[in-house]
Structures are given as C-alpha cells and as structure tokens.
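Letters go in sequence order (proteins before strands), and every chain restarts at 1.
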Number of protein chains: 2
Amino acid sequence: MSRAEQKERTRRAIINAAFSQLSADKSFASLSLREVAREAGIAPTSFYRHFADMDELGLTLVDEAGLMLRQLMRQARQRIEKNGSVIRTSVETFMEFVIGNSNVFRLLLRERSGTSAAFRSAVAREIQHFVAELAEYLRKETTCPDELARAQAEAMVTLVFHTGADALDAPSSQYAYLTSRTITQLRWLAHGAASYGRKPKEQGTL
Amino acid sequence: MSRAEQKERTRRAIINAAFSQLSADKSFASLSLREVAREAGIAPTSFYRHFADMDELGLTLVDEAGLMLRQLMRQARQRIEKNGSVIRTSVETFMEFVIGNSNVFRLLLRERSGTSAAFRSAVAREIQHFVAELAEYLRKETTCPDELARAQAEAMVTLVFHTGADALDAPSSQYAYLTSRTITQLRWLAHGAASYGRKPKEQGTL
DNA sequence: AGAATGAGCGAACAGTTGTAAGCTAAACGG
DNA sequence: CCGTTTAGCTTACAACTGTTCGCTCATTCT
C-alpha cells in the first residue's frame, strides 16, 4: 500500500473516531486527544503526524459537516422538482438529515455558540451558504427586494435549524408535529413578507 | 456575623466566581472546581460544603439566569405600557439585556444545546416561560386559535433569541441593524399568522 | 458552661491530560 | 541499491483534575 494512501487511511480513522465519540452527552470540547487516538488505533503522539492539535481536527470536522449540508441542499432541490411543495419538502428533507446524522448536526449546533471563535465563524460560514441560496431563490420567485429576501431567508433558516435542535431531544413521536409546526411558521413568514414587505414604518400596536 | 449568614456569603462568592469566569472562550463545562474555588477565596474541598458537585452549581446558575430573564419580561411590559410599540420595545429590551449581561445570556445559549440533559431541560423550561407568556398575549390581542398562538410565540422567541446570539459575535455597530432586522421578521410573522392562520392546507408552490 | 455542629483547611491520592524526545522500520527517490 | 523520509511507537514528564480523610475552631444549642 502506498505511503500517502496509508496516511490518508489513518487520517480518516482519526476523523471517524472523533465523529463516533460525539453524542448527546459528549461535545467536541470534551473529547480528548488520547481517547480519539485510542479509538483510531494509534498512539497518542502519532496524532500529531496528521493534525497540529485538536482545534485543527475540529475545523476539519466542521468542514465535513458543512459538506454534508451542501449535499443535503442538492438533494432537497431534486426532491422539490419532483414534488412541488417547496417548504414542506425542504423541512422534511432537513429533518431527515438531523435524525439520520444527529452527531453531525449536533456538532454544528454546538460549535455555532461554542468557545472557539474559529469554530463559530466556520459554522456561521456554512450556514450562510444555506441562507444565500435560499435568499437567491426568494429573489427569483417573489417580488421581494434583495435586502428583505435575505432577512426572510435568515429567519427561515433560523426556524428550521432550531426545530432540528428540538428534534434532538424530542421523542420520535414528536417529529411529525415539529415538522408541521415549522412548515406553518415558514408559511407565515412567506405570506407576511409578501404582503407586508414594502411597509417598514410603524403601524398598529404590533 | 451569624453562621448561616456567612455560609450564604461564601455561597454567593462561589456563584459570582463562576459567573465571572464565563466568557466568550470559557463555557461552564470548561470551568474547574478548583479554579472556581480559588477565585471564590476558599479551599477546593470547601466547595463541597455548598454544592454536591459542579453540576449542582451549574443548575443554580441556570436558575439565576432564568430569574433575570423573568425580571426582564416584567421590565419589558412596563416599557410597553408607556411606549405602545410591542414588538420594537420587546426586541430592544431583550437586546439591551444580551449586551449588558452577555455572560448570563451565553450560559443559557450554550447550555440549551449542551452535554447535560438536566441543563438542557432547565434552560428549556426557562424559555418556555417566555413563550407561554407571549402566547397568552397573542391569544388575547389577536384572533389566533390557541395552538397557533403558541407556534407563533415559539417562532418569535426563537428569532429574538437567535438575534441575541448573533449580537454576541457582532461589533456594536451592527446592533441597530440586527434589531431592526428582527423587528421586521417578527412583523412578518405577526402579519402572516393573522391573515393566514386559518388555512393549514397546501396552496401554491410555497 | 459544656457539648455538638459544621464551615473551612491542608495533605494526599489516583487519574487524566497534552506534549516532548528519541527510536524503529518501511516506503520512497535518486 | 543505498540514503532519505516519515508514520508510528515507547517512554517520560509536568500539570492539572475531582475527591477522601482527618483536623481545627468558631458558632450554636441545651
């Protein structure tokens, strides 16, 4: 086996070990280099042949998670074409991702407000892809001015993301409710933005 | 000085030490019992005279944070009575809280998705107060059915909370933008829910 | 006054952590 | 084919962690 090939192999072993140790009660911050190395089947010091420190590993994990997120977007687009209901399809696709890859989603969720500024901005960047893409769609499909399309997209992504977080702690019997609730919320937003978008001034007590 | 009084005093010293060590790069999980005890001016072992372990301290901190949140709600209600604009006043009040008590807000933000189930549900409970109160208001002021009032309140709290999180990493020059963006989002929701609330069926491609 | 309570302390222990130094052996490049 | 490179190892160290034990001594209760 080629040397580079073998190196890539144990690099993946490290990454996989790290992902597999993430759970509801174990965040990336609470992983230890030694534990990861142990599960990857290498000596602790060999870790340094692949990453300068745990932070570098963490950024790699966030990148991989972001990659999966982008694949998810593609998948959602395909489904929408064959399905029609944009909001319902998007929310359902996202929920399936959260349930099926809860460790990955949890990583993003936690590091978004974690203790490392580098992690936070890495996660923020990945989420911005989501927002930008959705905003572009809204600009095309609706008469929304650019700035407001972005604000609308941000609100929608925020709500969907938050529902994903709820789902992590909810029993699976709640998934259907969470999904439909979020769909309703997004429809409100879309409807409100469409009919209310061009009136930034005060009106009424709300 | 009475014994109970002195005990309460060092208990507060511990709590204050813990709060003061929280920061952008230091979460509760990364605090150590010894460090907290050091800053509180007691021996590490004396910590156990007040808390069974760090988790118990953490739950206390979350409770205190929740208390501050409820005080905030009262303050917001007073302001609204003298001001009129419900949404604007609420968002501005909340943002002031986040800026002025960033460590407290960060605690809630992080532990909401942290590694301890007990912490997560404690934070969720505090936030539910917010939601319940807002939902009650919406039921009174609008024609929204109960279930939808709750969904609307949840969406609003989610958006405001998320904006608070954004503010933590944003330069203060961005505060005004974040505030007005959120106000717009909440108005969309209110408007959409009002005119769209009783149509749960599919319609259009959105 | 005398006994009991309990907050606080110091010393000590067993674990864990990250990381440095130096070696081995296999794959590589000339 | 021989020298170089390098992934991986073992050993070692210093720093920290949470927690137990037994003691002191001021406050409290009787």
Seminar exercise, completed: Only residue of R3(A), K7(A), R9(A) satisfying side-chain contact (heavy atoms from CB on, under 4.5 Å) with E5(A) is R9(A)
Problem set entry | is_close_aromatic(F119(B), F28(B)), centroid dist under 6.0 Å | yes
Exercise. Does T45(B) have a side-chain nitrogen or oxygen under 4.0 Å from the phosphate oxygens OP1 or OP2 of dG8(C)?
Worked result: no
Exercise. Which residue lies toward the 5' end of DNA chain D, A4(B) or A52(B), if each is placed at its nearest nucleotide?
Worked result: A52(B)
Problem set entry | side chain to side chain contact (heavy atoms under 4.5 Å, CB included) between R110(A) and L22(A), intermediate numbers included | CA-CA 11 Å; R110(A) 285 176 172 156; L22(A) 294 178; 6.0 Å; no
For this session: Name the closest nucleotide to the R49(B) side chain, picking from dC9(C), dT19(D), dA26(C).
Result: dC9(C)
For this session: Measure from CG on L57(A) to P on dT19(C) and round the result to the nearest Å.
Result: 13 Å
Problem set entry | Whether F105(B) and F94(B) hold their rings parallel, tilted or perpendicular, with breakpoints at 30° and 60° | perpendicular
For this session: Starting at atom CG of D53(A), determine the distance to atom P of dA20(C), rounded to an integer number of angstrom.
Result: 11 Å
Problem set entry | OP1 or OP2 of dG8(C) under 4.0 Å from side-chain N/O of Q6(B) | yes
Problem set entry | Rounded distance in Å - CZ (F47(A)) to P (dG18(C)) | 9 Å
For this session: State which of dG8(D), dA7(D), dT17(D) makes the closest approach to the side chain of H50(A).
Result: dG8(D)
For this session: Would you check if E39(B) and Q21(B) make a side-chain contact, meaning some heavy-atom pair closer than 4.5 Å?
Result: yes
For this session: Just call it for E5(B): base, sugar-phosphate, or nothing, with non-hydrogen atoms closer than 4.0 Å on any strand.
Result: nothing
For this session: Report yes if a side-chain nitrogen or oxygen of T10(A) is closer than 4.0 Å to either non-bridging phosphate oxygen (OP1 or OP2) of dG8(D); otherwise report no.
Result: yes
For this session: Grab the CZ-P distance between R34(B) and dC13(C) for me, whole Å please.
Result: 14 Å
Problem set entry | Among dA7(D), dT19(D), dT28(D), the nucleotide that comes nearest once only the side chain of S2(B) is considered | dT28(D)
For this session: Between dC9(D), dT17(D), dG18(C), spot the one nearest the side chain of Y48(A), thanks.
Result: dG18(C)
Problem set entry | S46(A) side-chain N/O to dA7(D) phosphate OP1/OP2 under 4.0 Å | no
Exercise. Do the side chain of R3(A) and the base of dT5(D) come within less than 3.5 angstrom through a donor-acceptor pair of N or O atoms?
Worked result: yes
Seminar exercise, completed: Whole-Å distance, M1(B) CE to dT27(D) P, equals 9 Å
For this session: Select base, sugar-phosphate, or nothing to describe what E8(B) touches, counting heavy atoms under 4.0 Å on all strands.
Result: nothing
For this session: Between P44(B) and E35(A), just flag the one whose closest nucleotide in DNA chain C comes earlier from the 5' side.
Result: P44(B)
Problem set entry | R38(B) side-chain N/O to dC16(D) phosphate OP1/OP2 under 4.0 Å | no
For this session: Consider only side-chain N and O atoms of T179(B) and E92(B), and report whether a donor and an acceptor are under 3.5 Å apart.
Result: no
Seminar exercise, completed: Ranking dT19(C), dA7(C), dA7(D) by distance to the side chain of L33(A), first place goes to dT19(C)
Problem set entry | Gap between atoms CG and C1', on D55(B) and dT19(D) respectively (whole Å) | 15 Å
